[in-house]
Number of protein chains: 4
Amino acid sequence: MNNQSPPLKEKTRHERRIQRQRRVIMDASAMLFAQKGYRATTIRDIAQAVDMGESTLYGYFTGKQEVLQTILSQQAEMVDSLLVHLAELPDRKSFVDLVDLLMEKILTGAVYNRVVIAEAWIDDEVLRGFVLAHWRPILDTLQDFISARISAGIFRPIDPGLGARMIVAFFIAAVLPVLRGVEPPPSPRQRRRLAESTVELISGGFNARMG
Amino acid sequence: MNNQSPPLKEKTRHERRIQRQRRVIMDASAMLFAQKGYRATTIRDIAQAVDMGESTLYGYFTGKQEVLQTILSQQAEMVDSLLVHLAELPDRKSFVDLVDLLMEKILTGAVYNRVVIAEAWIDDEVLRGFVLAHWRPILDTLQDFISARISAGIFRPIDPGLGARMIVAFFIAAVLPVLRGVEPPPSPRQRRRLAESTVELISGGFNARMG
Amino acid sequence: MNNQSPPLKEKTRHERRIQRQRRVIMDASAMLFAQKGYRATTIRDIAQAVDMGESTLYGYFTGKQEVLQTILSQQAEMVDSLLVHLAELPDRKSFVDLVDLLMEKILTGAVYNRVVIAEAWIDDEVLRGFVLAHWRPILDTLQDFISARISAGIFRPIDPGLGARMIVAFFIAAVLPVLRGVEPPPSPRQRRRLAESTVELISGGFNARMG
Amino acid sequence: MNNQSPPLKEKTRHERRIQRQRRVIMDASAMLFAQKGYRATTIRDIAQAVDMGESTLYGYFTGKQEVLQTILSQQAEMVDSLLVHLAELPDRKSFVDLVDLLMEKILTGAVYNRVVIAEAWIDDEVLRGFVLAHWRPILDTLQDFISARISAGIFRPIDPGLGARMIVAFFIAAVLPVLRGVEPPPSPRQRRRLAESTVELISGGFNARMG
DNA sequence: CATGAATGAGCGTTCATTCAT
DNA sequence: AATGAATGAACGCTCATTCAT
């Protein structure tokens with residue numbers, strides 16, 4: 001029999017329990033941080049939301065600050081994970097896939113991103129350490145993508161920097177209302193259609209083609 | 001005796017003084033709210049910034065909350081004032097003027113807008129009462145503007161809602177880094193050029209024209 | 001069957017185990033109480049020091065308070081045990097032996113005594129119940145000892161109370177730095193020499209003898 | 001008239017008020033620290049003792065810690081002030097004056113010294129930074145004093161280090177019960193007599209002079 | 001018997017606001 | 001009108017102790 005690893009399993013079970021609890025706390029905290037802001041959210045609020053004693057939380061996090069830090073770090077990792085996909089995309093798949101993927105990734109865990117943005121909007125350290133630092137490679141990749149298409153004669157010769165920023169702009173415009181919670185998250189179908197429209201408009205612009 | 005108007009004048013002078021002080025307090029507060037967030041900014045911080053006693057502030061505002069409310073209201077009025085200009089623009093002036101004007105208005109008092117955004121991002125009441133309520137007419141106007149151009153055959157038949165959102169998207173992309181303070185405010189020249197590039201890209205898209 | 005005494009033996013073995021554990025816990029606690037103070041020492045500190053779960057400690061003591069009480073009681077018993085030796089000493093052995101013995105007893109388990117002093121210095125109940133109550137007989141014995149020597153013409157006629165206090169004074173001076181941990185505990189040889197010097201000075205004073 | 005310095009006086013008045021309040025708080029705190037220990041004394045205890053709101057205390061001290069620090073520093077200064085007197089004494093005045101002076105200084109503000117001792121007994125930093133550091137010069141002076149008397153043939157040739165420690169020993173023995181509060185502070189007369197007895201015993205020892 | 005998890009009570013501290021001058 | 005002083009309410013956090021396994 002394979003009962004050679006009970007100690008491992010035992011440990012894993014315990015650790016899984018802890019991880020599960022941390023998740024529960026983080027989810028509730030993110031929800032509250034998103035709705036009221038980090039500062040205005042009290043430990044009591046969080047404890048109430050997860051139905052624990054306040055002091056119990058301190059068994060899973062060293063304090064309110066660490067809950068936020070963990071949320072930020074987790075989202076930073078999420079952003080990093082985008083890069084892996086992006087790097088291979090431009091050649092193999094269409095522009096639409098790229099936009100669709102970015103949207104999907106961002107909107108998954110929308111509440112968490114709302115928290116990240118809220119903090120980054122106020123705190124320089126968060127902005128630089130967690131947002132700019134991790135998004136920069138994405139922007140660079142986009143810029144390379146545009147440059148390559150210009151070289152290939154697919155795009156007309158525009159400033160790649162401005163171009164990259166514009167893609168991000170559409171992005172933000174599409175995604176912000178959902179993150180903020182004024183629009184419901186789109187279904188995969190809706191998201192795909194939005195991505196297609198977006199790419200079409202970016203590609204062709206508003207202007208009518210002259211016959 | 002010369003007591004014809006002195007009471008009036010006295011009162012006016014006094015009121016002007018009060019208004020001046022309220023301005024000073026609001027400016028300092030907005031600066032601090034922008035940098036540290038409303039919650040994290042203490043009355044003591046503000047009093048120190050304007051070099052007054054803490055309790056003196058209560059002679060000009062009923063409390064910290066009212067300082068914020070006043071900032072929000074003021075910026076809501078600013079947004080309303082955009083509408084007046086916008087309403088006449090589409091016919092007389094170019095698209096570029098429109099974008100340029102919007103940018104200019106938004107970036108004037110950037111700190112105030114940063115505060116508005118920070119609060120609206122967190123507080124539903126602020127979002128609805130001060131932001132959505134006042135920006136909605138602007139969006140509608142943009143949508144009308146696009147519809148009109150489609151009817152006129154200038155734009156190709158796209159969804160006007162999506163179009164309006166895209167204009168706002170560029171807008172946000174151009175303006176957000178300045179509001180956030182990661183980019184310096186552009187000079188009028190730079191702003192104009194940015195507006196031109198933006199409009200050009202919106203109009204023509206990225207794609208190369210086929211011969 | 002051989003179950004005549006097993007229950008007894010079993011119980012005894014068990015009790016010994018418990019006593020051993022209590023000792024371990026008390027030693028670690030005394031160390032920590034001495035270094036950081038009773039209040040500042042947490043159950044967690046103790047548990048960590050003895051490598052047990054925190055709640056396990058409650059199987060051996062009813063709480064932190066009882067650990068302290070046990071330490072205090074134990075040292076009170078130690079002081080009582082001094083009396084047995086003292087009572088017979090003055091006649092049979094020299095003054096030096098007396099001082100030496102006291103020093104040895106006090107410095108054995110120095111950490112425990114440091115804790116006792118710390119508590120007695122702060123808590124009236126501890127001072128009266130554990131320190132004064134048990135030291136009083138020692139002081140009385142010393143006083144009797146001095147009175148007897150005065151009667152015998154060995155000491156000159158001084159106030160026996162003041163004399164007893166002075167012996168204790170030398171005592172404290174010699175012992176306090178070791179208890180406090182600013183001096184290492186003396187070797188038996190060093191202790192003997194210190195006792196001799198002390199007694200010599202007490203006997204003869206500082207003054208040079210006039211020819 | 002001498003009303004040229006009102007601003008100075010005004011400032012002084014305000015500062016005096018603050019100093020007075022700090023004194024009140026320190027006195028009450030020292031009392032409580034002495035009775036229950038620093039750790040066991042809560043801000044609420046202190047606030048209650050001085051009949052203030054808890055938060056009011058923070059207008060005078062940055063926290064509980066600073067109250068203790070101030071007490072410690074103050075007593076350290078007191079000890080330093082002893083040195084000034086000591087330096088001139090040995091030649092001009094008698095040994096008795098020296099002992100009497102030391103006693104008086106130590107017993108003035110006995111509660112404060114009790115707190116200092118309590119902390120020094122537990123906290124190494126306090127012991128070294130506030131006690132040893134400031135008492136060392138006193139001990140050195142005593143040692144010099146003894147050496148000088150030995151050279152002059154007044155004292156017999158004993159170890160000056162041991163001698164100094166013995167003087168301190170008597171000192172501690174005389175003073176400790178008062179600091180601890182088990183004996184009332186002596187009147188100046190009583191103190192003088194105690195000093196005289198002490199010096200006599202130190203000088204001549206217990207032993208009867210042999211005819 | 002041993003223990004990690006849970007928790008209520010309470011701590012030191014902050015701060016928007018009010019009060020007395 | 002201006003202000004330093006005062007404060008209640010609430011916050012983040014700790015810890016001795018209990019509980020469930």
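So you know, we letter chains A, B, ... as the sequences are listed, proteins then strands, and number each from 1.
For the atom pair C:K64 NZ and C:Y58 OH, the distance stands at 9.0 Å (nearest 0.5 Å). Separation of atoms CZ (D:R39) and CD1 (D:I122) is listed at 9.5 Å; rounding is to 0.5 Å. Rounded to the nearest 0.5 Å, atoms CE (A:M26) and CD1 (A:I46) are 11.5 Å apart. Within the model, atoms OG1 of B:T70 and CZ of B:R22 stand 5.0 Å from one another, a figure rounded to the nearest 0.5 Å.
C:I43 comes within 4.0 angstrom of a base, heavy atoms only. Residue contacts shown for D:Q21 are limited to sugar-phosphate atoms, with no base heavy atom under 4.0 Å away.
When both pairing distances are held under 3.5 Å, E:dT21 makes a Watson-Crick or G-U pair with F:dA2. Base pairing analysis places E:dT14 opposite F:dA9; the two distances defining the Watson-Crick or G-U wobble pair are each below 3.5 Å.
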Under the side-chain hydrogen bond (donor to acceptor under 3.5 Å, both in side chains) rule, what do A:E66 and A:Y60 come out as? Steps first, then yes or no, please. CA-CA 10 Å; A:E66 203 207 10; A:Y60 298 98; over 6 Å; no
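Side-chain atoms of C:Y38 never come within 3.5 Å of backbone atoms of C:V115 as a donor-acceptor pair (strictly under, hydrogens ignored). Panel note: side chain C:W121, backbone D:R114; a donor-acceptor pair is recorded below 3.5 Å.
Comparing A:R17 and B:R44 against DNA chain E, the residue whose closest nucleotide sits nearer the 5' end is A:R17. Each of C:A40 and B:R39 was matched to the nucleotide of DNA chain F holding its nearest heavy atom; the match closer to the 5' end belongs to B:R39.
Under the salt bridge (Lys or Arg N to Asp or Glu O under 4.0 Å) criterion, the residue pairs touching residues 43-62 of chain D are D:K36-D:D45, D:R44-D:E54, with sequence neighbours excluded.
In this structure, C:I18 atom CD1 and E:dC1 atom P are separated by 7 Å, rounded to whole Å.
Annotation: proximity of residues 51-63 of chain A to DNA chain F (heavy atom, distance under 4.0 Å) is found for A:E54, A:S55, A:Y58, A:G63, numbered in ascending order.
A 4.0 Å heavy-atom criterion places the boundary nucleotides of DNA chain F facing chain B at F:dA1 to F:dG4, written 5' to 3'.
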